[in-house]
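Chain identifiers are assigned alphabetically (A, B, ...) following the order of the sequence lines, protein sequences preceding nucleic acid strands; residue numbering begins at 1 within each chain.
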There are 2 protein chains.
Amino acid sequence: MVQPAHVATTADRILDVAERLTQSQGYNGFSYADVAAELELTRAALHYHFPGKAELGLALVARYAQRFMTALSAIDALDDPCAELAAYAQLYLDVLEDRRMCLCGMLAAEHQTLPARMQDAVIAFFDDNERWLATVLDDGRAKGALTFAGTSEATARMIVDGLEGAMLVARLHHDPSRFRASADRLLDSLCT
Amino acid sequence: MVQPAHVATTADRILDVAERLTQSQGYNGFSYADVAAELELTRAALHYHFPGKAELGLALVARYAQRFMTALSAIDALDDPCAELAAYAQLYLDVLEDRRMCLCGMLAAEHQTLPARMQDAVIAFFDDNERWLATVLDDGRAKGALTFAGTSEATARMIVDGLEGAMLVARLHHDPSRFRASADRLLDSLCT
DNA sequence: GTCTATAACGAGATAGAC
DNA sequence: GTCTATCTCGTTATAGAC
């Protein structure tokens, strides 16, 4: 049986709630009870869909990473390196708007406490982001649309670092404009 | 009675362990039992020194912030804006060397789950850092030692954001050289 | 200042009925 | 697929002896 596209399965609704809770309170900051209460289910029902919290957490990262990579593919279609970087920053801003941290940024902070497979998935998320950014940077430099010193890999890392850090700090004040200011300064220096 | 400078009080040793655990696993990622075991004390002894985890957490941030501000005062003595920025980044690198996150960076991630007074103290830490950096930047621009567009406040925020984010990500790979690369690119663009 | 003992609660998890 | 009931363990916290 295939679900109609507009009806979320229970598993999806669990992931939606768990994702928001993880982004706002951390993986170690929410419980099955929190998710169950919000969905008006019992904890046991959650265990049916995700046997343990480790499985839920892994599904969380996998879905988030997949969704993110899909968004990056869509950005590729812009075919304008400078606009692509701006669109990339906008992905972060969208998350920040309702006071969430990047899921993997949050999990990066908690990294040492995570199940091994979640740790690996978080690292892979950042590697994928850096790789994608590096191709945008290389492409932009080849086209003359972007200017930067050093390797595209190092520049990509600086962008990821800057955006993740800007989210982390801007969230304290619930102030997306702070994020935008940092992000703009970071990216404007690259666009010719 | 005053303690000799080289003998740490029990309260200090508790803070030392709790600080390291918070920086590596998060405030929600360690327990009184963890601290007690490492110090070969009981949990009850910890409650004597810090009635509850909220008080311990607040003392943690207060001590860290005070120590950090003292370090910033020492850096002021360098009287060379570019060297001062490098020394500032070095503070972060020192923390990262044994796989710790900045205490307040970690607490920023967990911010929404913290006791109210801890939340305020974390925000104050970042405000103080930004203020200090802004004075270094203003001073450096006046002397002609630093160049940057826009306000010193906005530039200060970009520096804090970049360094915190670089720590967050570099810690994943246990790779301080990544931090150094990001930090150098961030700061070199300011030094004339 | 530190201990033993215990209370009170929350978390993750499982068995088995429906 | 969801429920009730239960288990086990970890966590915070307190009382009272030493």
Side-chain angles (χ1 to χ4, degrees), chain A residues 1-4 7-61 106-107 110 112-119, chain B residues 1-4 7-61 106-107 110 112-119:
Chain A
M1 295 296 283
V2 179
Q3 290 292 329
V7 178
T9 64
T10 299
D12 277 329
R13 296 196 307 139
I14 291 169
L15 287 173
D16 289 340
V17 173
E19 182 179 82
R20 178 170 44 73
L21 289 174
T22 302
Q23 288 181 268
S24 53
Q25 302 178 206
Y27 179 75
N28 294 324
F30 82 95
S31 69
Y32 266 43
D34 296 326
V35 179
E38 192 159 335
L39 293 174
E40 294 179 297
L41 288 174
T42 59
R43 297 184 304 263
L46 266 64
H47 281 287
Y48 169 80
H49 295 280
F50 301 96
K53 202 181 176 186
E55 286 79 13
L56 172 58
L58 191 59
L60 227 43
V61 187
M106 180 64 84
L107 296 179
E110 300 178 289
Q112 293 185 12
T113 73
L114 300 178
R117 299 183 58 199
M118 279 186 76
Q119 292 183 330
Chain B
M1 295 294 282
V2 179
Q3 290 292 328
V7 177
T9 65
T10 301
D12 277 329
R13 298 196 305 139
I14 291 169
L15 288 173
D16 289 341
V17 174
E19 182 178 83
R20 178 170 44 71
L21 289 174
T22 302
Q23 290 181 266
S24 54
Q25 302 177 204
Y27 179 76
N28 295 323
F30 82 96
S31 70
Y32 267 42
D34 297 325
V35 179
E38 191 159 336
L39 293 174
E40 293 179 298
L41 288 174
T42 59
R43 298 183 302 268
L46 267 63
H47 281 286
Y48 170 80
H49 295 280
F50 302 96
K53 203 182 177 185
E55 286 79 15
L56 172 58
L58 191 59
L60 227 42
V61 187
M106 180 65 84
L107 296 179
E110 299 178 291
Q112 293 185 11
T113 73
L114 300 179
R117 300 184 57 199
M118 281 186 75
Q119 292 183 331

**Q** With sequence neighbours left out, what residues match A:Arg13 under side chain to side chain contact (heavy atoms under 4.5 Å, CB included)?
**A** A:Ala8, A:Leu39

**Q** Set out, in order, the CA-CA distance, both residues' side-chain angles and the distance that settles side chain to side chain contact (heavy atoms under 4.5 Å, CB included) for B:Phe50 and B:Leu15, then state yes or no.
**A** CA-CA 10 Å; B:Phe50 302 96; B:Leu15 288 173; 3.7 Å; yes

**Q** Heavy atom of residues 51-61 of chain B under 4.0 Å from DNA chain D: which residues?
**A** B:Gly52, B:Lys53

**Q** Which atoms of nucleotides 1-3 of chain D (N or O only) lie under 3.5 Å from a protein N or O atom, and what are those distances?
**A**
residue: D:dG1; atom: OP2; partner: A:Tyr48; partner atom: OH; Å: 2.5
residue: D:dT2; atom: OP1; partner: A:Thr10; partner atom: OG1; Å: 3.3
residue: D:dT2; atom: OP2; partner: A:His49; partner atom: NE2; Å: 2.7
residue: D:dC3; atom: OP2; partner: A:Thr42; partner atom: N; Å: 2.7
residue: D:dC3; atom: OP2; partner: A:Thr42; partner atom: OG1; Å: 2.8

**Q** Could you note down all residue pairs passing side chain to side chain donor-acceptor pair (under 3.5 Å) where residues 38-59 of chain A supplies at least one of them, sequence neighbours left out?
**A** A:Arg20-A:Glu38

**Q** Starting from C1' on C:dT14, measure out to CZ on A:Phe50 and report it in whole angstrom.
**A**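 Taking CZ of A:Phe50 and C1' of C:dT14, I get 18 Å after rounding.
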
**Q** Please report the interatomic distance CD1(A:Ile14) to CG(A:Leu56), rounded to the nearest 0.5 Å.
**A**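 It is 7.5 Å, given to the nearest 0.5 Å.
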
**Q** Between atom CD of B:Gln112 and atom CD of A:Gln23, what is the distance when rounded to the nearest 0.5 Å?
**A**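 With rounding to 0.5 Å, CD (B:Gln112) is 10.5 Å from CD (A:Gln23).
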
**Q** Under the salt bridge (Lys or Arg N to Asp or Glu O under 4.0 Å) rule, collect the residues that match up with A:Asp34, sequence neighbours excluded.
**A**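 Scan of A:Asp34 (salt bridge (Lys or Arg N to Asp or Glu O under 4.0 Å), adjacent residues dropped) gives none.
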
**Q** Strictly below 4.0 Å, heavy-atom distances to any atom of DNA chain C: list the hits from residues 20-27 of chain A, or just say none.
**A**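 Output list: empty, so none.
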
**Q** Sequence neighbours excluded, which residues qualify as side chain to side chain contact (heavy atoms under 4.5 Å, CB included) partners of A:Thr113?
**A** A:Asn28, A:Glu110, B:Gln25

**Q** In whole angstroms, how far is the P atom of C:dT14 from the NE2 atom of A:His47?
**A**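 Result: 7 Å.
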
**Q** Could you tell me whether the side chain of B:Tyr32 and the main chain of B:Ala44 form a donor-acceptor pair under 3.5 Å?
**A**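 No, the answer is negative, given that no donor and acceptor are paired below the 3.5 Å cut-off.
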
**Q** Report the distance from atom CG of B:Leu107 to atom CG of B:Leu114, rounding to the nearest 0.5 Å.
**A**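 Nearest 0.5 Å value for the CG-CG distance: 5.5 Å.
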
**Q** Testing the basics here: between B:Val61 and B:Met118, what is the closest heavy-atom pair and its distance to 0.1 Å?
**A**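 Shortest heavy-atom contact: CG2-CE, 4.0 Å.
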
**Q** Find the distance B:Asn28:CG to C:dG12:P and express it as a whole number of Å.
**A**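 Atom CG in B:Asn28 sits about 12 Å away from atom P in C:dG12.
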
